[in-house]
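To find a chain, count down the sequence lines: A is the first, B the second, and so on, and within it residues start at 1.
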2 protein chains.
Amino acid sequence: MYDFPLFVGIEEADIKKLLSEFNAYNMKYKKDATILSNVSRTSQFYIILSGKANVTRYNFNGTKTIMEKLDKGDIFGSFSGTSDDDLYVIASEDTEIITFEYNKLINRSGRNIEAHNKLIDNVLNKLADKLTSYNERIEILTEKTIRDKLLKYFNYLSKKQITKNIIIPFTLSDLSDYLAVDRSAMMRELKNLNEDSLISSKGRYINIKY
Amino acid sequence: MYDFPLFVGIEEADIKKLLSEFNAYNMKYKKDATILSNVSRTSQFYIILSGKANVTRYNFNGTKTIMEKLDKGDIFGSFSGTSDDDLYVIASEDTEIITFEYNKLINRSGRNIEAHNKLIDNVLNKLADKLTSYNERIEILTEKTIRDKLLKYFNYLSKKQITKNIIIPFTLSDLSDYLAVDRSAMMRELKNLNEDSLISSKGRYINIKY
DNA sequence: AATTAATTGTTGCTTTTGCAACTTTTATCG
DNA sequence: CGATAAAAGTTGCAAAAGCAACAATTAATT
């Protein structure tokens with residue numbers, strides 16, 4: 001049930017005690033339901049217990065951008081967005097969350113101190129991971145050409161998957177969103193990379209040849 | 001001495017006690033000195049007491065990119081970079097830091113619990129702020145045209161400076177880096193925005209007219 | 001105050017990218 | 001299983017952006 005990084009190193013019994021002390025409660029959402037609107041102004045701390053959700057921005061012109069994908073064990077809260085934008089957390093499949101007041105997390109009472117310490121450590125690590133992945137995305141977005149964005153992204157993937165035969169973990173359509181480039185232009189560049197023998201790819205399966 | 005957000009809400013005496021419990025020590029660096037190399041692998045937690053520094057990446061081709069600017073009161077540590085890149089923290093002027101083991105921050109002993117709680121709260125807020133500013137940059141970088149990047153950036157600035165007469169807080173040259181676009185192309189677009197009467201600007205002084 | 005360095009501003013040309021409008025292939029669902 | 005939807009793959013054309021090479025200002029330094 002609670003077997004994800006956020007709770008690593010904490011006994012299940014202690015997790016339950018803590019959550020109960022925090023007055024935490026569970027909620028279930030169907031696919032496409034809105035879990036949270038006005039993300040930046042919540043005082044709650046959220047954990048995804050199962051399912052998946054997207055932190056989504058709706059632009060004035062009706063298009064939407066996925067700012068972040070949330071998986072089982074991921075956290076979200078006021079730290080998930082900028083102060084002005086209309087960000088929503090939307091379930092991308094049936095999703096269960098648990099939530100409690102952020103303040104409870106911070107202000108330790110006397111009980112369960114050790115478990116509480118560990119939890120905060122884990123939260124810090126989660127945020128640090130998030131910072132790392134934002135950093136990564138910024139480095140990729142900072143590349144000037146589509147080609148360079150792709151190559152940099154492939155590099156990161158290759159390091160993570162520890163192989164030169166990488167599999168893109170989402171659709172190519174989503175990849176073009178992630179890289180913030182036009183999908184067809186990205187496809188064209190993918191073809192060029194194949195023709196220049198820098199990669200050999202079919203769909204989301206890519207072999208890096210350099 | 002310790003009057004910055006990281007220590008807000010904590011008595012100076014308590015700060016000193018905590019830092020002493022953490023076996024924290026101070027270091028001074030001259031302008032351009034390397035404060036930390038191999039950022040992602042440090043187990044220390046750093047706070048800038050005075051001065052300024054840059055988190056810098058050196059690319060294979062010899063160019064360097066400033067990933068983040070650090071000011072008085074800012075923190076850095078393993079959470080400041082991606083896992084693979086060679087990141088350095090370089091003093092951009094004479095700088096004093098204080099540092100201690102990250103573990104000491106997390107594992108609370110019995111004493112000074114309240115101050116320690118508050119400190120961790122502040123660290124969480126710092127990280128959250130950082131996430132917010134990364135989010136902001138990502139949202140800007142995600143815009144497709146230079147024009148839209150500029151407008152989005154001006155919007156953020158306008159909200160922060162609470163005025164439509166904004167002042168860009170660094171050189172236009174640095175702005176083009178921040179937006180990851182060619183400087184001359186950015187200048188051209190700035191001119192277009194003026195001609196289209198969306199802004200009226202001279203150098204870094206910009207009046208937003210919409 | 002004079003010189004040097006840095007920043008700002010400009011422009012023609014070329015390359016890259018986005019857009020639109022398709023076809024083909026692969027998934028999904030009643 | 002067949003129908004419908006989603007994703008992948010293509011292409012011509014127009015618009016945007018990068019590059020390079022300057023000139024003009026403004027700031028910094030001795």
Can a donor-acceptor pair be found between the side chains of A:Ser184 and A:Asp182 at a distance below 3.5 Å? yes

Give me the bend of the helix from C:dA1-D:dT30 to C:dG30-D:dC1, using the axes of the five pairs at each end, rounded to 10°. 70°

Check: A:Asn194 side chain, A:Ser201 main-chain N or O, donor-acceptor pair, under 3.5 Å: yes

Touch class at under 4.0 angstrom, heavy-atom based, for A:Leu190 against every strand present: nothing

With the side chain of B:Met187 defined as its heavy atoms from C-beta on, choose the nearest nucleotide among D:dA16, C:dG9, C:dT16. C:dG9

Contacts of A:Arg183 and B:Arg183 projected onto DNA chain C by closest heavy atom; the upstream (5') one is B:Arg183

What's the closest nucleotide to the side chain of A:Ser184 if the choices are D:dA8, D:dT10, C:dT10? D:dT10

Does A:Lys191 place a side-chain N or O at less than 4.0 Å from the phosphate oxygens OP1/OP2 of D:dT11? yes

Counting any heavy atom closer than 4.0 Å, what does B:Arg188 reach on the DNA or RNA strands: base, sugar-phosphate only, or nothing? base

Tell me if a side-chain donor or acceptor on A:Asn23 pairs with a main-chain N or O of A:Phe100 at a distance below 3.5 Å. no

Output the single nucleotide from C:dG18, D:dG18, C:dT8 whose closest atom is nearest the side chain of B:Lys144. C:dG18

Atom CE of B:Met186 and atom P of C:dT10 are separated, to the nearest Å, by 12 Å

Does B:Arg137 reach the main-chain N or O of A:Ile138 with its side chain, forming a donor-acceptor pair under 3.5 Å? no

d(CD, B:Glu143; C1', C:dT17) in whole Å: 16 Å

B:Tyr205 has an atom OH; how far is it from atom P of C:dT7, in whole Å? 15 Å

What is the separation between atom CD1 on B:Ile168 and atom C1' on C:dT8, rounded to the nearest whole Å? 12 Å

Hey, which sits more toward the 5' end of DNA chain D by its nearest nucleotide, A:Gly203 or B:Arg147? A:Gly203

B:Ala185 vs A:Asp182, nearer the 5' end of DNA chain C by closest nucleotide: B:Ala185

Step by step, work out the side chain to side chain contact (heavy atoms under 4.5 Å, CB included) result for A:Leu6 and A:Lys126. CA-CA 7 Å; A:Leu6 189 67; A:Lys126 263 281 180 197; 3.9 Å; yes

Once you round it to whole Å, what is the distance between C1' of C:dT10 and CG of B:Asn194? 14 Å

A:Lys202 side chain: which of C:dT7, D:dA17, C:dT26 is closest? C:dT26

Nearest whole Å is fine: how far is D:dG9 C1' from A:Leu193 CG? 15 Å

Does any N or O in the side chain of A:Lys30 come within less than 3.5 Å of the main-chain N or O of A:Ala91, such that one atom is a donor and the other an acceptor? no

With the side chain defined as heavy atoms from C-beta on, B:Val181 is closest, among D:dA17, C:dT17, D:dG18, to D:dG18

Whole angstroms only, please: what is the CZ-C1' distance between B:Arg204 and C:dG9? 15 Å

Geometric class of the A:Tyr2/A:Phe4 ring pair [parallel <30°, tilted 30-60°, perpendicular >60°]: perpendicular

B:Thr132 and B:Asp129: side chain donor to acceptor below 3.5 Å: no

Give the rounded distance in Å between these two atoms: CG of B:Asp148 and P of C:dT17. 17 Å

